[in-house]
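These notes concern the structure reproduced below.
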Amino acid sequence: MSPNTGDLEARPPIIHCMIAGGFGGTTGDMLMHSLDTVKTRQQGDPHMPPKYTSLGSSYYTIWRQEGIRRGLYGGWLPAMMGSFPGTVLFFGTYEWSKRRMLDYGVQSHVAYLTAGFLGDFAASIVYVPSEVLKTRLQLQGRFNNPHFKSGYNYRGTLDAARTIIRTEGFGELFSGFKATLYRDLPFSALQFMFYEQFQSWAHEYKQSRDIGVRLELLTGACGGGLAGVLTCPLDVVKTRLQTQVDPIPVLGKSKDRLAAKTMPGLKDTTTKQSQTSPPLKQQNRPISTSSPSTHTPRPGAIPLDEDSILKGLRLIYKTEGVGGWFRGVGPRFVWTSVQSSCMLFLYQSILRKLEVWLPMERSDISG
């Protein structure tokens, strides 16, 4: 299929789209995982001044100090476990809803945007928990990491899941769920709207169903890269919400989420201590919301409130400026453009192979 080629070709079976999307998406994610790790380290760096700044130096520093498997590819297992079923659900939902809307005469750009929203929403139940595990393990690096103190120290994926559920509750696996949807729904919608349009132009330019490898890669890269840059501020909020460790509640704070996560037996004592002395140094979040180029955050800086994405954006802008919104935009642009290019190129290639290996009746575009 080319989701955007209109009357140039018939529609492949949705099951083919799901299989091709699953393998294409997972392969693209794994190829670009190291850059995603660099982006996560930049956005969640607790050090003042930040240890990780430019893309090249950050990549080299992590590789030299921590290696590939536990450093650049930390968190690869939960990433893969969430990527395949997530992309299968995404492409199945995207194709089904897009075709229905086009058949009912919905304007094409609206259909692509809406289908992207619906597809990502369907996939979110799978990839959000894996995203929480992935981002924490990426930020942590290897167990007992001497080169970077993230606030986490899990032995592996299973230990991370068990520890989070035991100490923070099962709901913490969906930490930042709203922020993730705020980021990924617009990203997927914009990505596929841009991709469909760029593909349409490419087909018009070539006057053929086959636009060639270069244009296949270019259209995917442009769609993903442009959407990645536009949604970077939402990605910053999402990353900080999923990696911040909430401090022990102190007097005057009414946030139920913080109180609920306080360890049994510590709530009353720490609250009393807060009236007379500074709070205990337990689980102070390594993510600062103040400008990395001006001053060090005051002790006990308030973490982002996951109940309000807009409040998080305003807080980051107030304390860090526009630069805070676009921390990690370089790695994000490279990651989204290359990952999108690889995924969509593989998607189209696998679809063509499936058409030969598993021939099935293709539905007519007008049906």
Side-chain angles (χ1 to χ4, degrees), residues 1-30 80-127 184-185 188-189 191-204 206-213 215-217 219-220 223-224 339-367:
M1 150 226 167
S2 184
N4 50 306
T5 54
D7 294 326
L8 288 175
E9 61 177 303
R11 296 164 172 168
I14 290 181
I15 187 64
H16 285 189
C17 298
M18 296 172 72
I19 294 171
F23 283 105
T26 303
T27 302
D29 286 345
M30 290 299 100
M80 184 175 66
M81 292 170 63
S83 180
F84 185 80
T87 48
V88 166
L89 286 172
F90 174 85
F91 277 94
T93 305
Y94 175 82
E95 280 299 316
W96 184 87
S97 57
K98 181 194 71 176
R99 295 177 188 188
R100 293 299 179 275
M101 284 185 283
L102 291 176
D103 289 345
Y104 279 99
V106 176
Q107 203 274 338
S108 60
H109 292 93
V110 175
Y112 302 147
L113 276 170
T114 306
F117 272 103
L118 294 175
D120 204 88
F121 183 77
S124 64
I125 193 171
V126 175
Y127 72 72
D184 286 352
L185 265 63
S188 296
Q191 176 190 25
F192 277 82
M193 186 190 71
F194 292 144
Y195 173 67
E196 302 272 17
Q197 184 61 65
F198 294 148
Q199 280 262 310
S200 179
W201 288 338
H203 282 278
E204 290 177 9
K206 286 287 189 178
Q207 290 297 307
S208 171
R209 173 182 174 182
D210 185 8
I211 62 175
V213 174
L215 285 178
E216 288 282 11
L217 293 172
T219 53
Q339 189 274 347
S340 178
S341 179
C342 293
M343 177 187 71
L344 294 171
F345 172 73
L346 289 171
Y347 174 65
Q348 297 287 358
S349 300
I350 295 172
L351 271 182
R352 288 191 285 268
K353 294 294 184 182
L354 289 174
E355 185 178 353
V356 177
W357 297 339
L358 301 172
M360 296 176 66
E361 183 179 351
R362 297 166 65 93
S363 60
D364 185 78
I365 195 74
S366 62

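The residues of the chain are indexed from 1 along the displayed sequence.
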Evaluate the criterion side-chain contact (heavy atoms from CB on, under 4.5 Å) for residue pair Ile211 and Trp201; output intermediate values, then yes/no. CA-CA 10 Å; Ile211 62 175; Trp201 288 338; over 6 Å; no

Among side-chain atoms of Ser340 and Gln191, is any donor-acceptor pair under 3.5 angstrom?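 Yes, because at least one side-chain N or O of Ser340 sits under 3.5 Å from a partner of the opposite role on Gln191.
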
Ring centroids only, cut at 6.0 angstrom: are Phe90 and Tyr127 within range, meaning strictly under it? no

Indicate, with yes or no, if the rings of Phe23 and Phe84 have centres closer together than 6.0 Å.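 Centroid distance Phe23-Phe84: below 6.0 Å, so yes.
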
Could you tell me which non-hydrogen atom of [X] sits nearest to which non-hydrogen atom of [Y], and how far apart they are?
X      : Y      : answer
Gly86  : Ala123 : O-CB, 3.1 Å
Leu102 : Ala111 : CD2-CB, 3.9 Å
Ala122 : Leu89  : O-CD1, 3.8 Å
Leu113 : Ala189 : O-CB, 3.3 Å
Asp103 : Arg11  : OD1-NH2, 2.9 Å
Gly25  : Thr87  : CA-CG2, 3.9 Å

Measure the spacing between [atom1] of [X] and [atom2] of [Y] and express it to the nearest 0.5 Å.
X      : Y      : atom1 : atom2 : value
Phe117 : Phe192 : CZ    : CZ    : 13.5 Å
Lys98  : Leu118 : NZ    : CG    : 13.0 Å
Tyr94  : Cys17  : OH    : SG    : 10.5 Å
Glu95  : Ile14  : CD    : CD1   : 7.0 Å
Met343 : Thr27  : CE    : OG1   : 11.0 Å
Asp210 : His203 : CG    : NE2   : 8.5 Å

Kindly say whether [Y] contributes a backbone atom to a donor-acceptor pair with the side chain of [X] at under 3.5 angstrom?
X      : Y      : answer
Ser83  : Met80  : no
Thr219 : Glu216 : yes
Ser200 : Glu196 : no

Within the supplied structure, the quantity of interest is the number of heavy atoms (other residues, nucleotides, ligands) at a distance under 6.0 Å from Met81 CE; does it exceed 12? no

Between Glu355 and Arg352 (salt bridge meaning N to carboxylate O under 4.0 Å), is one present in this structure?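 Not counted as a salt bridge, because no side-chain N and carboxylate O are separated by less than 4.0 Å.
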
